[in-house]
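Written out below as structure tokens is the structure these notes cover.
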Amino acid sequence: SEKRKKKVLILMSDTGGGHRASAQALEAAFNELFPNQVECTTVDIWTDFAPWPYNRFVPAYQFMAKNPLYWKAFWEYGKFPPSKWGTEELSNLACHHRFKDCIEDQDPDLIISVHPLCQDVPLRVLNTLGRGKRQIPFVTVVTDLGGAHPTWFHKEVDLCFVPSDPVRKIALGMGLKHDQIRQHGLPIRPGFWKAGKDKGQLRRELGLATGVRTALVVGGGDGIGNLLEITESLASALAAGGSEGKKSQVVVVCGKNEEMRRNLERRTWPPSVNVVVKGFVNNMDAWMGASDCIVTKAGPGTIAEASTRGLPVMLFNYLPGQEEGNVPFVVENGFGDYKKDPKAIGEVVSGWLMSEEVREKMSKKALEASRPSSTTNIAKEIGDLLFGNWQLPLRKDTEDKFNILLKKLM
Ligand code: UDP
């Protein structure tokens, strides 16, 4: 008889670019390890299934990412146990049946969450489906790097994949057991798994100037941060420093921030600096591979990707809370720095570009901190669960607290 493909449901929400990129990375790893045996479906469960206002997380996130004070408040609110509890109960009340429809409709053999807000309600749904009997394994793959919000960690998951020691610590602090936790690194897309093509070749393919020092400026999937001022400062520092007639190049990737892209395209730049402006690119591995260093917000995905390309990393801002820990991850591992002031960024980064020695040293450190096999390792372990090579410990059917309450009330 023909074997049915195993169905994997990946739950996420498109807040930023990192969660979708991680989902794509995992899907690619399944396809490589288990060709034609796994069918992945990725769902932005909040946007596509939750009622208002829960379906507005993505624009709310975009707003808060640009207004860090709001973000900070939201982060702390979600961390504070009573408000965390209250919010979870309310979201469950509003979204439970819709998420249940989604999961029943998908009828997955395994569920992966790559988002901090996709643990609690989906796990409650699994409990009402009689998880002990149906044995749908549920795993979390944390896509933050140097720190992570408490909502990532749920005691009822079968496995929780963490990328780093600090995140492992938080998981243990949230009550997860050692044998639930696995540590490999962040999932990254296939273009980052192996050493890429040579810089010169990539530059030709991308239509960039060859033989010139090149910096890449990025603000995550949403193009967050003062990319304009940073590029201006960098371009003028490079123009001032390149007095021996040497040219240089700055590539700015604005992601989904169209307004920023238009603003940058309108500028004129010093003649010795070739500034190339892009919107959202789907071949970040090529753009990173063509560059000598990167200037970015402290996004976990971007940092993990840049490390596999051996890029020195200049961080220009971070979201309070989740991205804070990414700064020491870069600085303490010796492959970058953090500066807020665009002028200082221009000076330091142009210094990096001028000194091959400094660049090589940082590049080596970046490669040491990189985990190019992380995605394959994660997919292998999930595959063991999926194909039954590793049995789940039998769990008691912990009936949903909410449903018990509801039954009492009715
Ligand atoms: N990214 C991309 N194209 C772009 C801009 C960003 O593919 O034009 C990817 C980037 O390579 C990374 C992700 O989007 O994988 C951004 O994730 P990160 O965790 O750095 O930041 P977020 O946007 O999630 O805050």
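Atoms within a ligand are numbered from 1 in the order they appear, just like the ligands themselves.
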Open item on the list: I'd like to know if the side chain of Tyr77 pairs up with that of Thr87 as donor and acceptor (distance under 3.5 Å, no hydrogens or angles considered).
Closed with: yes
- [ ] Would you confirm whether the ring centroid of Trp71 sits within less than 6.0 angstrom of the ring centroid of Phe63?
- [x] no
Open item on the list: Between Asp384 and Lys380 (salt bridge meaning N to carboxylate O under 4.0 Å), is one present in this structure?
Closed with: no
Table of N or O contacts for ligand 1, cutoff 3.5 Å:
{"unit_1": "ligand 1", "atom_1": "3 (N)", "unit_2": "Val281", "atom_2": "O", "d": "2.7"}
{"unit_1": "ligand 1", "atom_1": "7 (O)", "unit_2": "Arg189", "atom_2": "NH1", "d": "3.4"}
{"unit_1": "ligand 1", "atom_1": "7 (O)", "unit_2": "Arg189", "atom_2": "NH2", "d": "3.4"}
{"unit_1": "ligand 1", "atom_1": "7 (O)", "unit_2": "Val281", "atom_2": "O", "d": "3.4"}
{"unit_1": "ligand 1", "atom_1": "8 (O)", "unit_2": "Val281", "atom_2": "N", "d": "2.8"}
{"unit_1": "ligand 1", "atom_1": "11 (O)", "unit_2": "Arg189", "atom_2": "NH2", "d": "2.9"}
{"unit_1": "ligand 1", "atom_1": "11 (O)", "unit_2": "Glu305", "atom_2": "OE1", "d": "2.6"}
{"unit_1": "ligand 1", "atom_1": "11 (O)", "unit_2": "Glu305", "atom_2": "OE2", "d": "3.4"}
{"unit_1": "ligand 1", "atom_1": "15 (O)", "unit_2": "Arg189", "atom_2": "NH2", "d": "3.2"}
{"unit_1": "ligand 1", "atom_1": "15 (O)", "unit_2": "Glu305", "atom_2": "OE1", "d": "3.4"}
{"unit_1": "ligand 1", "atom_1": "15 (O)", "unit_2": "Glu305", "atom_2": "OE2", "d": "2.6"}
{"unit_1": "ligand 1", "atom_1": "17 (O)", "unit_2": "Gly18", "atom_2": "N", "d": "3.4"}
{"unit_1": "ligand 1", "atom_1": "19 (O)", "unit_2": "Pro300", "atom_2": "N", "d": "3.4"}
{"unit_1": "ligand 1", "atom_1": "19 (O)", "unit_2": "Gly301", "atom_2": "N", "d": "2.9"}
{"unit_1": "ligand 1", "atom_1": "20 (O)", "unit_2": "Thr302", "atom_2": "N", "d": "2.9"}
{"unit_1": "ligand 1", "atom_1": "20 (O)", "unit_2": "Thr302", "atom_2": "OG1", "d": "2.5"}
{"unit_1": "ligand 1", "atom_1": "23 (O)", "unit_2": "Gly17", "atom_2": "N", "d": "2.8"}
{"unit_1": "ligand 1", "atom_1": "23 (O)", "unit_2": "Gly221", "atom_2": "N", "d": "2.9"}
{"unit_1": "ligand 1", "atom_1": "24 (O)", "unit_2": "Gly17", "atom_2": "N", "d": "3.1"}
{"unit_1": "ligand 1", "atom_1": "24 (O)", "unit_2": "Gly18", "atom_2": "N", "d": "2.7"}
{"unit_1": "ligand 1", "atom_1": "25 (O)", "unit_2": "Lys297", "atom_2": "NZ", "d": "2.6"}

Task: Between Asn317 and Glu323, a side-chain donor and acceptor under 3.5 Å - done: no
Open item on the list: Quick check on side chain to side chain contact (heavy atoms under 4.5 Å, CB included): which of Ile303, Leu367, Leu311 does Phe335 satisfy it with?
Closed with: Ile303
TODO: Answer with yes or no whether the side chains of His115 and Ser13 bring together a donor and an acceptor at under 3.5 Å.
DONE: no
